[in-house]
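A note on names: the letters A, B, ... follow the listed sequences, proteins ahead of strands, and every chain is numbered from 1.
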Amino acid sequence: MTSTDARTYVEEARREKLAALTEMGVNPFAYRYERTHTAAEALGLYADAMGDNGPEVAVAGRLVSMRGKGKTAFGHIEDASGSIQLYFKQDTLGGTYDVVKLLDLDDHIGVRGRVFRTRTGEITVQAAEVTVLAKSLRPLPRGKTQVTEDGTPVTYGGLQDPETRYRQRYADLAVHPDIRDLFRLRARAIAFMRRYFDARGFLEVETPILQSLYGGAAARPFVTHHHSLDMPLYLRIADELYLKRLIVGGFERVYEIGHDFRNEGMDRTHNPEFTMLEYYQAYADYRDVMETLEDLIPQLVEHCCGSLTIERFGITFDFTPPWPRVRFMEAVEEHAGVDLRTATEDELRERLRAAGQDAETVLELSGGKLIDEVFKEFVESTLVQPTFVIDYPKALSPLAKLHRDDPSLTERFELFVQGREIANAFSELNDPDDQRRRFEDQMAQRAAGDEEAHQLDEDYIRALEYGMPPTGGMGLGVDRLVMLLTEQGSIRDVILFPAMRPEPKEDDRATS
RNA sequence: GGGGGUGUAGCUCAACUGGUAGAGCAACAGACUUUUAAUCUGUAGGUCGUGGGUUCGAGUCCCACCGCCCCCUCCA
């Protein structure tokens, strides 16, 4: 009996083979294997002049296909590099052939033998020695792929159920090489970011995930409790305030790639924990940050996808810089037909209602939230190609410096692609007195019932009082960028282990 | 939170207007010493998400609950 579900007859059969192997003195769970070549390397070794006398290799991997023929058998193993065919022959293997008969799909095995080419033309390892590395007791939900006459592969069966794919990502990855490739691309993108900032003198740092006071974004946090301090701690919702403390400390250029946690709804673009890149650069303003993004992102896209122009979701995205910069106010005026400088809140609410939004929900909106909503309703979806929206209203941006030409605005921009916010950046507010006033405004909104408004962070203000140089900073949602690069419609498809409800136990599956 | 869909064998899916569950692949036994979704013969495998109700009879109808997916709302 396993802990998760009842053992099936298929598993019983595998356990019987496991027992038979043990009976024969074969350890079904070996300690190590001296692999000489990956599957791809072994394939590359063979040249036709070698005939049946190719080089000897020792390959190892998971058995993914097996075609028994009495006294011979063909199968494929798959390793991280790809797959290679194996040929087992009783004449050659002698008693070991009994071990081959006890193999199941999904077993990990090591095979030593010479490389040759079969009559049908496939480069193959003729097994001279077979080592069981790990018996598989539970069959993977593996589909069968047939290549039709016109060359299109058709897969029968396989692991389709999205829930199972997320819950048992190990199985999903094991049977879907393309999913493994997707996560390799994700890793490649993150590694590129790291190299990019390292090469420009940025210091990678780690700031607290457990915080007694959370800040840096408008969001509800996860709360936990520290026993010996007997106090609540919050999981961070952003890295921002700590990274800027480091600018005060003199690092000048810092970045962090890590998880933020927001206790909010889950859907195809929101996971409770997600990956954020933040960077801060002394003596820079938000225009410098735009230039950095216009440099970084195109390079990253080209590095990961091979081109500055990519076809995704039926749209051609062109990352060739420079990207359009549209002012927030002008964008709203153009798409919503309202002038935020003159419109009353009631007029804005009426505009939202006219667009089909729920009247009661709209009534609860005011101030920055209302303006933000108007922007989201009318502007966001129009921003398909990479676009900077710049100069946000002050009310929306309590951590951004006031605009040098217009004190009702801030020097803030967001980068949109495919109608989604990818990055958010500003000339960082470094006037401690102004920061205190902005926090106080937030506290007032909080008192008025806005759970997402910032808390007043005295320690952060103290840091600013010591003096923070002019600083440009940015946060970028890594998951969403990866979604675009890999053409995935759900954030769960780019997170290895997305948040899931716990699996119901057998006993109480239907109760409560 | 609202609306729609869905949950049947290990996997992928069937089962007409209610009549007591079926296929392909996987599994098991046997045949086959260069095959490749191998093939051939035979066998086995299911409290039809859970609980209740209607009915002579429920996978199928009704109610509740649980999970998942999609759309709307929303935070990145």
Side-chain angles (χ1 to χ4, degrees), chain A residues 5-14 16-17 52 65-76 85-93 97 104-106 116-122 124 126 138-148 153-167 171 175 217-220 237-238 260-276 356-358 360-362 369 372-373 376-377 414 420-424 451-452 475-481 489-492 500-504 506-512:
Chain A
D5 49 10
R7 192 183 295 166
T8 66
Y9 62 97
V10 182
E11 291 159 30
E12 289 297 348
R14 293 190 171 205
E16 281 167 25
K17 291 183 201 172
D52 277 0
S65 74
M66 193 68 163
R67 298 172 291 283
K69 291 200 65 187
K71 297 185 180 63
T72 64
F74 284 87
H76 283 84
Q85 179 166 258
L86 309 171
Y87 176 43
F88 305 96
K89 193 173 168 186
Q90 190 169 45
D91 286 355
T92 321
L93 287 167
Y97 200 75
D104 286 300
L105 288 186
D106 312 322
F116 74 110
R117 191 187 285 277
T118 64
R119 243 176 242 162
T120 51
E122 183 162 349
T124 302
Q126 166 143 13
R138 184 187 289 266
L140 283 166
R142 191 183 289 290
K144 282 215 156 188
T145 303
Q146 176 186 22
V147 179
T148 54
V154 182
T155 301
Y156 302 87
L159 180 53
Q160 298 294 328
D161 178 33
E163 181 182 356
T164 311
R165 286 191 46 227
Y166 300 141
R167 284 194 193 283
V175 302
R220 289 171 60 192
I237 58 173
D260 290 344
F261 306 84
R262 297 188 186 175
N263 202 346
E264 289 161 349
M266 293 163 59
D267 61 28
R268 67 185 190 289
T269 57
H270 300 268
N271 196 64
E273 62 180 302
F274 61 101
T275 302
M276 182 81 107
Q357 288 211 7
D358 180 66
E360 284 185 35
T361 317
V362 168
K369 291 237 160 202
D372 198 30
E373 192 55 41
K376 283 182 168 151
E377 174 70 36
E414 291 193 341
R420 283 186 192 144
E421 180 196 331
I422 298 285
N424 179 23
E451 285 184 80
E452 294 179 350
L476 181 145
V478 172
D479 310 278
R480 290 183 176 180
L481 181 60
S490 169
I491 197 168
R492 291 180 158 191
M500 300 287 284
R501 255 197 195 77
E503 267 184 278
E506 290 289 306
D507 306 335
D508 53 21
R509 199 195 290 167
T511 52
S512 84

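Taking atom CG of Leu105(A) as the reference point, atom P of rA27(B) lies 5 Å away to the nearest angstrom. Across the protein-nucleic acid pair, Arg167(A) atom CZ and rC66(B) atom P stand 15 Å apart, rounded to whole Å. One atom, CZ of Arg165(A), and another, P of rC69(B), lie 11 Å apart when rounded to the nearest Å. Computed from coordinates, the Gln85(A) CD to rA38(B) P distance equals 10 Å when rounded to whole Å. In this structure, CZ of Arg138(A) is placed 13 Å from C1' of rC11(B), rounded to the nearest angstrom. Here rA38(B) presents its C1' atom at 13 Å from CD of Glu122(A), a figure rounded to the nearest Å. When the P atom of rU12(B) is taken as reference, atom CD of Glu163(A) falls 11 Å away, rounded to whole Å. If you measure from atom CG of Asp106(A) to atom C1' of rC11(B), you get 12 Å, rounded to the nearest angstrom.
For rC11(B) and rU43(B), the P atoms lie 25 Å apart once the distance is rounded to whole Å. Distance noted for atom P between rG59(B) and rU50(B): 11 Å (whole Å). Between rA26(B) and rU39(B), the two P atoms lie 8 Å apart (nearest whole Å). On the P atoms, rA9(B) is 12 Å away from rA14(B), given to the nearest whole Å. Going from the P atom of rA64(B) to that of rG3(B) covers 12 Å, rounded to whole Å. Spacing of C1' atoms, rA38(B) relative to rU33(B), comes out at 15 Å, to the nearest Å. With both ends at atom P, the span from rU60(B) to rU54(B) equals 15 Å, rounded to whole Å. When the P atom is used for both rC28(B) and rC66(B), the distance is 40 Å, rounded to whole Å.
Residue side chain Phe274(A) meets the stacking definition with respect to rA76(B): its ring centre sits within less than 5.5 angstrom of the base's six-membered ring centre, and the planes differ by less than 30 degrees.
Arg67(A) has no side-chain polar atom (N or O) that falls below the 4.0 Å cut-off from OP1 or OP2 of rU35(B). Contact check, Arg14(A) against rG10(B): no side-chain N or O comes under 4.0 Å of OP1 or OP2.
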What do the steps show when you test Lys376(A) against Glu421(A) for side-chain contact (heavy atoms from CB on, under 4.5 Å), and what is the final call? CA-CA 10 Å; Lys376(A) 283 182 168 151; Glu421(A) 180 196 331; over 6 Å; no
Determine, stepwise, if the pair Asp479(A) / Asn271(A) fulfils side-chain contact (heavy atoms from CB on, under 4.5 Å). CA-CA 9 Å; Asp479(A) 310 278; Asn271(A) 196 64; over 6 Å; no
Summarise how protein sits on nucleotides 70-75 of chain B as a single string, 5' to 3': B when a protein heavy atom is under 4.0 Å from the base, S for sugar-phosphate-only contact, - for no contact. -S--BB
One character per nucleotide, please: for nucleotides 40-46 of chain B, 5' to 3', B when the base has a protein heavy atom closer than 4.0 Å, S when only the sugar-phosphate does, - otherwise. -----B-
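Taking NE2 of His76(A) as the reference point, atom CG of Leu105(A) lies at 12.5 Å (rounded to 0.5 Å). For the atom pair OH (Tyr166(A)) and CE (Met500(A)), the distance works out to 8.0 Å, reported to the nearest 0.5 Å. Here CG of Asp267(A) is found 9.5 Å from CZ of Arg492(A). Values are rounded to the nearest 0.5 Å. How far OG1 of Thr275(A) is from CD1 of Ile491(A): 8.0 Å, rounded to the nearest 0.5 Å.
Side-chain atoms of Arg262(A) come within 3.5 Å of backbone atoms of Ile237(A) as a donor-acceptor pair (strictly under, hydrogens ignored). Using modelled atom types, one side-chain atom of Arg480(A) and one backbone atom of Thr269(A) make a donor-acceptor pair closer than 3.5 Å.
The nearest pair of heavy atoms linking Glu11(A) to Pro139(A) is CG-CD, 4.2 Å. Between Ala73(A) and Met66(A), the shortest heavy-atom distance links the atoms CB-CE, 4.1 Å. Here the closest non-hydrogen pair linking His270(A) and Gly265(A) is CB-O, 3.6 Å. A pairwise comparison of heavy atoms in Gly475(A) and Met276(A) identifies C-SD, 4.1 Å as the closest pair. Listed here is the closest heavy atom pair of Arg138(A) and Asp106(A): O-OD2, 4.1 Å.
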Report the secondary structure of RNA chain B in dot-bracket form, marking unpaired bases with a dot and bases paired to a different strand with |, and treating Watson-Crick or G-U pairs with both distances under 3.5 Å as paired. (((((((..((((.....[..)))).(((((.......))))).....(((((..]....))))))))))))....
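For Arg117(A), the side-chain contact (heavy atoms from CB on, under 4.5 Å) test picks out Tyr46(A), Asp48(A), Ile123(A), with sequence neighbours left out. The side-chain contact (heavy atoms from CB on, under 4.5 Å) search around Gln126(A) returns Tyr87(A), Lys89(A), Thr92(A), Phe116(A), not counting sequence neighbours.
Note on Asn271(A): a base of the nucleic acid sits closer than 4.0 angstrom, heavy atoms only. Across all strands shown, Gln126(A) has no heavy atoms under 4.0 Å from either base or sugar-phosphate atoms.
Of the two residues near RNA chain B, Asp161(A) and Ser65(A), the one whose nearest nucleotide lies more 5' is Asp161(A). For the pair Tyr166(A) and Ile422(A), nearest-nucleotide mapping onto RNA chain B gives the more 5' position to Tyr166(A).
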Restricting to nitrogen or oxygen on both sides, can you table the protein-nucleotides 29-33 of chain B pairs closer than 3.5 Å?
from    : atom 1 : to       : atom 2 : distance (Å)
rC32(B) : N4     : Gly70(A) : N      : 2.9
rU33(B) : N3     : Asp91(A) : OD1    : 3.1
rU33(B) : N3     : Asp91(A) : OD2    : 2.7
rU33(B) : O4     : Asp91(A) : OD1    : 2.4
rU33(B) : O4     : Asp91(A) : OD2    : 3.1

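Contact of the Arg142(A) side chain with the Ser65(A) side chain is not registered, since no non-hydrogen atoms from C-beta on lie closer than 4.5 Å.
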